[in-house]
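Encoded as structure tokens, the structure appears first; notes follow it.
By convention in this document, chain letters (A, B, ...) are assigned in the order of the sequence lines, proteins followed by strands, and residues within each chain are numbered from 1.
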There are 2 protein chains.
Amino acid sequence: MGELGATNRTLPSTETPERGVRPLGPPRSPVTLHAVARTAGVSPATASRALNGTTRVREDLRARVLAAADELGYIPNAHAQALASSSNNTVGVICHDVSDPYFAAISSGVMRAAAEHELLVMLASTFREPDREIAYVSMLRAQRARAILLIASGIEDRSWERSLDSELTAYQNSGGRVAVVSRHRSLRVDTVLPENRAGATALARALLGLGHREFAVLTGPARLTTVSDRLAGFRAGLAEAGIRLPRHRVITGAFTRDGGHDAAVQLLRHGDRPSCVFAVTDVMAVGALAAFREHGLRVPEDISLAGFDDIPLVRELTPPLTTVALPLTAMGHSAIALALRAERGRRSRVERVAGEVVLRASTAPPAPGG
Amino acid sequence: MGELGATNRTLPSTETPERGVRPLGPPRSPVTLHAVARTAGVSPATASRALNGTTRVREDLRARVLAAADELGYIPNAHAQALASSSNNTVGVICHDVSDPYFAAISSGVMRAAAEHELLVMLASTFREPDREIAYVSMLRAQRARAILLIASGIEDRSWERSLDSELTAYQNSGGRVAVVSRHRSLRVDTVLPENRAGATALARALLGLGHREFAVLTGPARLTTVSDRLAGFRAGLAEAGIRLPRHRVITGAFTRDGGHDAAVQLLRHGDRPSCVFAVTDVMAVGALAAFREHGLRVPEDISLAGFDDIPLVRELTPPLTTVALPLTAMGHSAIALALRAERGRRSRVERVAGEVVLRASTAPPAPGG
DNA sequence: CAGTTACGGGAAACCGCTTTCAGAAAGCGC
DNA sequence: GCGCTTTCTGAAAGCGGTTTCCCGTAACTG
């Protein structure tokens with residue numbers, strides 16, 4: 001493919017005989033720093049200094065350079081800059097699925113922080129394929145990204161995870177910074193981690209406070225600490241009231257809306273119905289809510305439902321969802337801050353963020369006859 | 001809310017003089033192609049060729065190079081590659097707000113297409129600040145991105161839009177490709193454009209078919225063709241039944257959930273209530289639904305509500321929203337395809353995608369006593 | 001007024017890779 | 001066995017900047 005000569009208007013008959021590709025202007029070659037320097041009547045070195053302000057430059061020269069740059073429409077070549085200065089201002093963000101509202105909320109904070117720091121964000125979506133995740137880390141390494149953010153990135157397969165870890169370690173050894181949001185990792189990386197246990201325990205207490213005694217939990221892949229912590233925390237909360245969670249009331253599903261839906265369906269198939277269901281993520285809860293409705297159950301009259309995360313969407317549901325609210329946007333923001341601060345020679349560390357139980361209409365005291 | 005510094009509990013003593021920054025491995029300098037070539041006993045040129053497969057290389061040499069690269073953990077420097085070959089594989093995507101579900105759905109397709117083409121996506125969020133939009137185009141120019149995608153990017157201010165246009169044109173003149181999704185632009189750019197008029201007209205017909213005669217529309221900024229086309233299409237549909245839309249029944253709000261909410265509130269303040277409301281985007285409809293509920297109106301018993309776009313979220317609402325469904329993910333995918341195809345010397349063009357009316361429970365025949 | 005010092009600008013090396021260009025080696029026909 | 005192609009390989013010239021190093025000049029010192 002014709003990667004070169006991207007601007008060949010003059011090639012008459014190579015490809016199809018289409019004409020008029022370029023509407024206006026000649027195929028002028030890109031304006032380089034040298035060109036700017038020449039029209040300003042200074043050396044490239046001076047032009048560079050004037051543009052970047054790294055060193056004092058006589059005011060009149062500086063003005064001439066700036067004028068020339070402006071006149072020529074000079075745009076520095078970021079690749080050349082990166083190469084020469086061996087530094088750049090890009091960060092990579094890797095997530096499973098850009099359309100997941102959980103990710104969207106976090107990345108909103110990431111984008112804000114990136115804007116504040118004048119960083120360019122390279123976003124990669126793995127579609128939950130582990131090899132893709134590794135490939136992206138590799139690509140970001142090639143780009144010499146200043147930091148890589150793994151958002152809610154969990155690989156369930158042990159061996160894939162190993163290669164991911166080694167890739168990340170290699171990246172760190174070459175000076176890169178890794179920050180993980182909302183996942184525990186064995187690596188020494190900056191981490192923004194919700195208080196999953198405590199949050200789930202608090203939620204359990206709140207639900208107990210409503211009078212519930214019969215619970216079920218819809219969980220995700222057990223290997224993820226997010227799941228196990230929330231489950232453990234919830235169990236701990238129930239235990240305080242002497243309540244145990246029977247095995248058959250813990251249903252595992254995929255970490256998606258449909259996973260929640262299917263888990264809920266499976267639960268209902270049992271016949272015996274808990275009075276209250278906790279889905280370990282809001283996204284799963286959304287699916288569960290739909291499933292309950294399909295089965296003719298009213299929430300919260302027939303069954304209470306609670307989630308975790310407080311993605312914006314759950315406020316629009318009917319009924320709005322009780323959940324453990326996490327400052328998702330702030331978490332994304334923190335991740336960048338952490339990674340950047342780390343650059344200044346800090347050792348990696350974990351920032352824990354608390355969740356807050358928000359009782360909404362999806363939970364209510366159990367029906368008397370329940 | 002405290003977007004910054006969310007919850008740092010672990011701060012030991014702010015800027016303490018920490019040691020032991022690099023946990024393992026010496027600060028080995030990055031492995032270059034030359035190093036690979038040296039350990040393979042060939043010239044850098046050959047190493048490059050072996051790695052990239054641009055030219056035939058004797059099999060044993062090729063093997064040695066590959067082995068050396070693997071052993072040394074060689075990762076090419078993308079900047080150097082880009083500089084030397086004056087080409088790269090990055091595309092830029094500019095949107096208002098990454099957490100907007102409309103964007104999320106589209107960008108999901110973008111990411112998929114990017115993965116297929118082995119492209120790296122640089123994502124920029126403008127937060128609806130026009131200067132930011134321009135700044136990002138400039139940054140993407142500096143990065144020599146192969147293409148820039150503008151997703152639902154509309155600037156309401158004329159003068160800002162002019163500078164954006166000139167920036168984009170300059171980019172095109174230097175060989176860049178611009179693709180716009182879901183916005184009409186005067187520039188000669190590749191465009192993926194929904195059939196907003198036809199979709200809205202079809203929706204109007206469907207609503208008329210339910211028996212409605214009293215309508216209101218919640219619109220966005222009038223300068224955006226998305227808005228004006230949908231409004232005009234809706235009007236045209238109503239006109240077929242001899243119905244006109246009174247001025248006071250067309251309320252303008254921001255293109256957001258809250259904008260829809262506020263517009264709905266404003267509408268209700270009028271006292272006289274239409275039997276059916278059309279929000280020009282689903283996102284606005286979500287806000288409107290909430291507003292109706294706050295005012296004690298039942299949807300669809302008291303008032304019907306329809307949207308446009310079919311973002312995934314509206315299926316989870318109660319009632320699910322009637323809307324004009326757009327293949328959002330496919331649109332994002334197309335945008336990349338369009339931009340890439342364009343590189344091969346095609347002139348820019350417009351791809352129109354049809355919307356399909358999906359009647360859900362948020363619309364019903366008007367109440368008899370209406 | 002001579003001797004330093006400080007300051008700012010230019011030449012050139014270099015960042016890490018790709019890609020001509022030309023030469024060496026190998027293959028071929030006669 | 002000789003001359004001509006055909007294949008590969010290596011040397012070297014960039015790609016477009018940044019930055020070191022050095023030098024000329026102006027400013028400062030006694």
Just compare [options] and give me whichever is closest to any side-chain atom of [X].
X	options	answer
B/Pro76	C/dC17, D/dG17, C/dG10	C/dC17
A/Arg49	D/dT20, D/dG16, D/dT9	D/dT20
A/Ala45	C/dG16, C/dG9, D/dT19	D/dT19
A/Arg58	C/dT18, C/dG8, C/dG10	C/dG8
A/Ser43	C/dA11, D/dG17, C/dC17	C/dA11

Working for side-chain contact (heavy atoms from CB on, under 4.5 Å), residues B/Met122 and B/Gln143: CA-CA 10 Å; B/Met122 313 216 205; B/Gln143 298 286 338; 3.7 Å; yes
Atom pair CD (B/Glu133) and OG (B/Ser138), whose distance is rounded to the nearest 0.5 Å: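 With rounding to 0.5 Å, CD (B/Glu133) is 12.5 Å from OG (B/Ser138).
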Within the pair [X] and [N], is there a side-chain N or O less than 4.0 Å away from OP1 or OP2?
X	N	result
B/Asn77	C/dC15	no
A/Ser85	D/dT18	no
A/Ser48	D/dG17	no
A/Thr46	C/dG10	yes
B/Thr32	C/dG16	no

Distance in angstrom units between [X] [atom1] and [N] [atom2], rounded:
X	N	atom1	atom2	value
A/Gln81	C/dG16	CD	P	17 Å
B/His34	C/dC17	NE2	P	8 Å
A/Gln143	C/dC15	CD	P	20 Å
B/Arg56	D/dT6	CZ	P	17 Å
B/Leu61	C/dA25	CG	P	14 Å
A/Asn52	D/dT20	CG	P	13 Å
B/Leu72	C/dG16	CG	P	14 Å
A/Asp60	C/dG8	CG	C1'	11 Å

Does B/Gly41 or A/Ile75 map to a spot on DNA chain D nearer the 5' end, using the closest nucleotide for each?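 Residue closer to the 5' terminus by nearest nucleotide: B/Gly41.
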Nearest nucleotide by nearest heavy atom, which residue falls closer to the 5' end of DNA chain D, B/Glu59 or A/Leu83?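 By nearest-heavy-atom nucleotide position, the 5'-most residue is B/Glu59.
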Keeping the roles fixed (side chain from [X], backbone from [Y]), state whether a donor-acceptor pair exists under 3.5 Å.
X	Y	answer
B/Asn77	B/Ala82	no
A/Ser86	A/Leu83	no
B/Ser48	B/Thr46	no

Can you find a donor-acceptor pair, distance only, under 3.5 Å between A/Arg62 side chain and C/dG8 base?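 Answer no: no donor N or O sits under 3.5 Å from an acceptor.
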Report which part of the nucleic acid B/His79 touches: base, sugar-phosphate, or nothing (heavy-atom distance under 4.0 Å, all strands).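 B/His79: no heavy atom of the nucleic acid under 4.0 Å.
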What's A/Ser86 touching, base or sugar-phosphate or nothing? Going by heavy atoms closer than 4.0 Å.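 Here A/Ser86 touches no strand at all.
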Please determine whether a side-chain nitrogen of the Lys or Arg among B/Arg112 and A/Glu129 lies less than 4.0 Å from a carboxylate oxygen of the Asp or Glu.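 Looking at A/Glu129 together with B/Arg112, the answer is yes, because their closest N to O distance falls below 4.0 Å.
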